[in-house]
Amino acid sequence: MYKVRFVNPQKQFADHKEEYMGAVEQVFSQGNLIMRQDLKDFEESIAKFVGVKHAIGVNSGTSAIYLSLKAAGIGPGDEVITVAHTFIASISCVYLVGATPVLVDVGEDFNINPDLIEAAITPKTKAIEVVHLNGRICDMDRVQDIAKKHNLIIIEDAAQAMGATYTTRDGSVKKAGSFGLTGCFSLYPFKALGAFGNSGIITTDDDAIAKKLMLLRYNGEDRETRFFSYHSHNMLMDNVQAALLNVKMKYFPKWIERRREIANLYYEGLKDVPQVKLPHFDDNRYYDIYTNYAVRAERRDELKKYFDDNELVETIISWPIPMYKQTAMLPNDYFLLETEKICTEIISLPMYPELTNEDAQNVIDAIKTFYTK
Ligand SMILES: Cc1ncc(COP(=O)(O)O)c(C=O)c1O
């Protein structure tokens with residue numbers, strides 16, 4: 001058992017057990033299982049939270065991206081620009097709708113490098129799928145300028161960024177999921193806002209896309225008219241997950257603050273350790289939510305082995321090889337320098353609101369001890 005665990009869902013459950021169990025009891029005792037009021041309430045509260053007109057609950061972040069690409073009419077013959085330094089779903093969904101992903105490198109904040117986007121545009125490019133990694137929004141002023149100039153759709157893979165904000169050059173403070181045609185969120189248990197199982201949600205300001213997504217997530221069926229307009233999947237969010245997430249929404253703003261507090265503790269404790277590069281970037285346009293606290297560490301593999309052998313700190317390496325070297329993507333001739341470097345240096349430290357200051361200090365001490373021994 002590690003001294004500091006990577007995640008601790010039991011603790012979050014225990015903190016509000018009565019409320020969660022009350023929500024479940026209500027749903028089950030009233031038989032409110034599929035597409036009921038709890039789901040509508042959750043969709044409304046997410047739309048309000050993100051600052052868009054519509055939110056559509058689905059069963060995962062992967063489904064959110066897949067359905068968004070489908071609803072945007074992206075398919076065979078189209079190219080979608082995205083990054084390699086992301087979870088495979090960002091890329092797989094492009095393949096799954098029959099389009100071709102075109103991968104560009106990321107910058108030092110792990111997000112798409114806007115300087116590289118235009119060179120990747122071809123006559124086949126339909127969309128830019130930005131990935132707001134680790135809870136930090138991409139440089140959306142730059143991305144939006146490029147999209148506008150080349151008439152491209154923006155899809156936001158905001159799987160890791162619920163609640164993150166970015167101040168645009170006109171001074172508006174906008175949340176992840178409010179920039180693109182759609183914003184795609186994962187509500188996987190270990191995301192900043194996580195369900196008790198798989199779930200996801202799509203945000204949009206576009207009425208027609210919202211309507212299409214409502215049909216696509218449920219076999220193409222309009223639940224009011226009972227007519228089927230498309231062949232599609234069943235990718236609906238369960239009502240019981242929505243009921244549980246409605247409880248979590250009450251605490252979510254506080255949890256984001258706590259994540260930022262922990263990030264600051266890590267920063268203060270580790271800023272003078274030259275072997276570790278921390279994910280703090282000097283730019284006050286960004287309000288990062290630290291879904292993951294991913295640092296770049298010298299002798300990363302040895303550091304992880306030291307943590308593991310001594311059961312000190314449980315960590316995760318996302319990802320040890322670039323996605324274009326994964327079997328699912330072969331063959332190709334990609335070589336993205338920053339992505340390659342990140343894969344050899346990256347390591348994610350424990351980060352969740354229930355982490356205590358003492359836990360954070362234990363992580364800091366373990367890292368310092370490793371580099372001084
Ligand atoms: C960047 C990114 N995109 C997409 C996904 C897919 O979300 P889900 O696991 O809910 O399908 C994830 C989840 O890990 C993610 O981190």
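In this chain, numbering begins with 1 at the start of the sequence shown. For ligands, and for the atoms within them, numbers begin at 1 and follow the listed sequence.
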May I ask you to identify the nearest protein heavy atom to atom 12 (C) of ligand 1, giving residue, atom name and distance to one decimal place in Å? Phe87 CD2, 3.5 Å
Can a non-hydrogen atom of Lys191 be found less than 4.0 Å from any atom of ligand 1? yes
Would you mind checking which non-hydrogen protein atom is closest to atom 9 (O) of ligand 1, with the distance to 0.1 Å? Ser186 OG, 4.0 Å
When rounded to the nearest 0.5 angstrom, what distance separates CG in Leu39 from CG in Asn246? 9.0 Å
Quick look: Ser60 vs ligand 1, heavy-atom contacts under 4.0 Å, and the answer is both
Nearest atoms (heavy-atom pairs only) where Glu338 meets Glu108: OE2-CA, 4.2 Å
Give a yes or no on whether a salt bridge exists between Glu311 and Lys3, defined as a side-chain N under 4.0 angstrom from a carboxylate O. no
Considering only heavy atoms of Ile65, which atoms of ligand 1 have at least one such atom less than 4.0 Å away? 4 (C)
Applying a heavy-atom cut-off of 4.0 Å, say which part of Asn198 lies close to ligand 1: side chain, backbone, both or neither. neither
Cation-pi check, Arg136 onto Tyr286 ring (under 6.0 Å, within 45° of axis): yes
Would you say ligand 1 has an N or O under 3.5 Å from any N or O of Gly61? yes
In terms of the angle between their ring planes, are Phe196 and Tyr20 parallel, tilted or perpendicular, with boundaries placed at 30° and 60°? perpendicular
Quick one: sort the Tyr324 and Tyr334 rings into parallel, tilted or perpendicular, breaks at 30° and 60°. tilted
Minimum-distance protein heavy atom relative to atom 16 (O) of ligand 1: Gln160 NE2, 2.8 Å
Verify ring pair (Phe, Tyr, Trp, His ring centres under 6.0 Å) between His280 and Tyr290, making sure each step is shown before the conclusion. CA-CA 10 Å; His280 296 258; Tyr290 300 97; 5.5 Å; yes
Short list, please: which atoms of ligand 1 are under 4.0 Å from a heavy atom of Ser90? 3 (N)
Specify the protein heavy atom at minimum distance from atom 3 (N) of ligand 1: its residue, its atom name, and the distance to 0.1 Å. Asp157 OD2, 2.7 Å
Among all protein non-hydrogen atoms, which one is nearest to atom 2 (C) of ligand 1, and what is the separation to 0.1 Å? Ala159 CB, 3.4 Å
Please say which of Ile155, Val143, Asp157 ends up in a side-chain contact (heavy atoms from CB on, under 4.5 Å) with Val130. Val143
Which of the numbered atoms in ligand 1 are under 4.0 angstrom from any heavy atom belonging to Thr86? 1 (C)
Below 4.0 Å, non-hydrogen atoms only: which portion of Thr62 touches ligand 1? Side chain, backbone, both or neither. both
Gln241 and Met237: which non-hydrogen atoms are nearest, and at how many Å? CB-CG, 4.3 Å
Give the numbers and elements of all ligand 1 atoms closer than 4.0 Å to a heavy atom of Val131. 1 (C)
